[in-house]
Number of protein chains: 2
Amino acid sequence: MKRLTNQKITILDFLRGTKIHPTAEEVYLNVQKNLPRISQATVYRILDEFVKENLIKSIPGKKTRFDGNDIVHQHFICKKCGKLTDIYDGALDKYLNKKKNLVADGTVDDFEITFYGRCKKCS
Amino acid sequence: MKRLTNQKITILDFLRGTKIHPTAEEVYLNVQKNLPRISQATVYRILDEFVKENLIKSIPGKKTRFDGNDIVHQHFICKKCGKLTDIYDGALDKYLNKKKNLVADGTVDDFEITFYGRCKKCS
DNA sequence: CTGCATGCAAATAGTTTGCAGTAGC
DNA sequence: GCTACTGCAAACTATTTGCATGCAG
């Protein structure tokens with residue numbers, strides 16, 4: 001990060017404090033409460049920067065979602081209602097961390113697993 | 001599939017026979033060789049249908065990619081050059097298939113893991 | 001023949017970019 | 001003070017949609 005601006009602080013604070021995996025627009029709407037003059041372009045630029053610096057993760061999809069939870073975890077998406085839930089499973093993380101060094105023709109430094117199905121409400 | 005049209009046959013044939021994980025546009029350009037009057041809208045509509053019917057998989061990203069390889073496999077994406085490679089690892093698939101029933105608060109019927117890193121060329 | 005599927009063009013939506021002004025360091 | 005960062009509006013691009021016509025069943 002070259003310069004630490006108010007916009008960056010506010011966005012990172014928001015992402016660290018939420019579990020909703022917000023879209024760029026949701027970040028914009030929330031951050032706007034504290035910085036009424038912020039623009040969507042700035043939000044996009046800052047989110048891109050954070051992803052490149054590995055401060056947050058981006059979850060691709062129709063609308064990209066952003067995850068500021070810095071504890072290792074995986075995702076579960078309900079196919080019916082689209083809800084995204086965090087999964088914490090130490091054994092899974094450990095297993096995949098071992099695997100990642102064997103699996104590809106190159107160097108793996110990261111992985112991402114998403115489970116798809118139906119949440120309790122939609123079952 | 002309600003009706004089996006020439007467009008659907010041609011698109012599925014192409015997807016079953018390629019390993020390039022084409023975007024909707026690449027599907028369009030290739031299929032056009034055989035069906036010069038096909039439109040992009042049709043390609044998008046048919047791809048969506050195939051994904052819903054689980055005939056193919058969609059790989060989200062800036063441009064969605066489509067994977068018609070019906071053998072179970074996972075993905076490796078090079079962060080540098082963006083290349084997408086298939087990973088075949090029976091043990092990994094087996095492990096995840098067991099895990100998927102324990103991991104989420106709901107019913108999991110599918111999962112998708114992507115490894116990120118640098119391919120041999122970019123290392 | 002019936003109505004789902006297609007082609008075309010226009011519309012939409014998410015994201016990116018150019019530029020002039022602003023503010024970290 | 002230098003120059004990266006921001007806000008604004010316009011541009012861009014992937015994808016979707018409305019509608020008239022075509023073709024599978």
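Predicted model, so just to flag it, every value in this text is computed and none were measured. So you know, we letter chains A, B, ... as the sequences are listed, proteins then strands, and number each from 1.
Here CZ of B:F111 is found 6.0 Å from CD1 of A:I113. Values are rounded to the nearest 0.5 Å. The CD1 atom of A:I20 sits 9.0 Å away from the CG atom of A:L15 when rounded to the nearest 0.5 Å.
What separates CZ of A:R45 from P of C:dT16 is a distance of 11 Å, to the nearest Å. Rounded to an integer number of Å, the gap from CD of B:Q40 to P of C:dT12 is 19 Å. The separation between A:I9 atom CD1 and D:dT6 atom P is 11 Å, rounded to whole Å. Here the C1' atom of nucleotide D:dT15 and the CD1 atom of B:I46 are 15 Å apart, to the nearest Å. In this structure, B:L47 atom CG and C:dT6 atom P are separated by 11 Å, rounded to whole Å. Separating the CE atom of B:M1 from the P atom of C:dT6 is a distance of 10 Å, rounded to the nearest angstrom. Distance, B:L4 CG to C:dG3 P: 21 Å, rounded to whole Å. Atoms CD1 (A:I11) and C1' (D:dG7) sit 13 Å apart, rounded to a whole Å.
Regarding contacts with the backbone of C:dT6, every side-chain N or O of B:S39 stays at 4.0 angstrom or more from both OP1 and OP2. When the side-chain nitrogen and oxygen atoms of A:K2 are compared with OP1 and OP2 of D:dA4, none of them lie within a distance under 4.0 Å. An OP1 or OP2 oxygen of D:dT16 is reached within less than 4.0 angstrom by no side-chain nitrogen or oxygen of B:Y44. Taking side-chain N and O atoms only, A:T5 has no distance below 4.0 Å to OP1 or OP2 of C:dA23. Remark: B:K62 is not in phosphate contact with D:dA14, judged by side-chain N or O atoms under 4.0 Å from OP1 or OP2.
Between the side chain of A:R65 and the backbone N or O of A:H21 there is at least one donor-acceptor pair closer than 3.5 Å.
Each of B:E25 and B:N6 lies near DNA chain D, and the nucleotide nearest B:E25 is the one positioned closer to the 5' end. The 5' end of DNA chain D is approached more closely, in terms of each residue's nearest nucleotide, by A:E49 than by the other of A:E49 and B:G61.
Classification of the A:Y95-B:Y95 ring pair by plane angle, with boundaries at 30° and 60°, yields parallel.
Distance from the side chain of B:D48 is smallest for D:dT16 among the nucleotides D:dT16, C:dT16, D:dG7. Of the candidates D:dT15, D:dT6, C:dT17, the closest approach to any side-chain atom of A:A41 belongs to C:dT17.
With salt bridges taken as basic N to acidic carboxylate O contacts below 4.0 Å, one links B:K99 and A:D89.
B:Q7 comes within contact range of the sugar-phosphate backbone alone, with a heavy-atom separation under 4.0 Å but no base atom that close. Nucleic acid contact class of A:T64 (heavy atoms, under 4.0 Å, all strands): sugar-phosphate only. At a threshold of 4.0 angstrom between heavy atoms, the contacts of B:R37 are confined to the sugar-phosphate backbone, with no base atom among them.
For A:R3 and D:dA4, a side-chain-to-base donor-acceptor distance below 3.5 Å is present, hydrogens and geometry of angles not being considered.
Annotation: side chain of B:L84 is in contact with side chain of B:I59 (closest heavy-atom distance under 4.5 Å).
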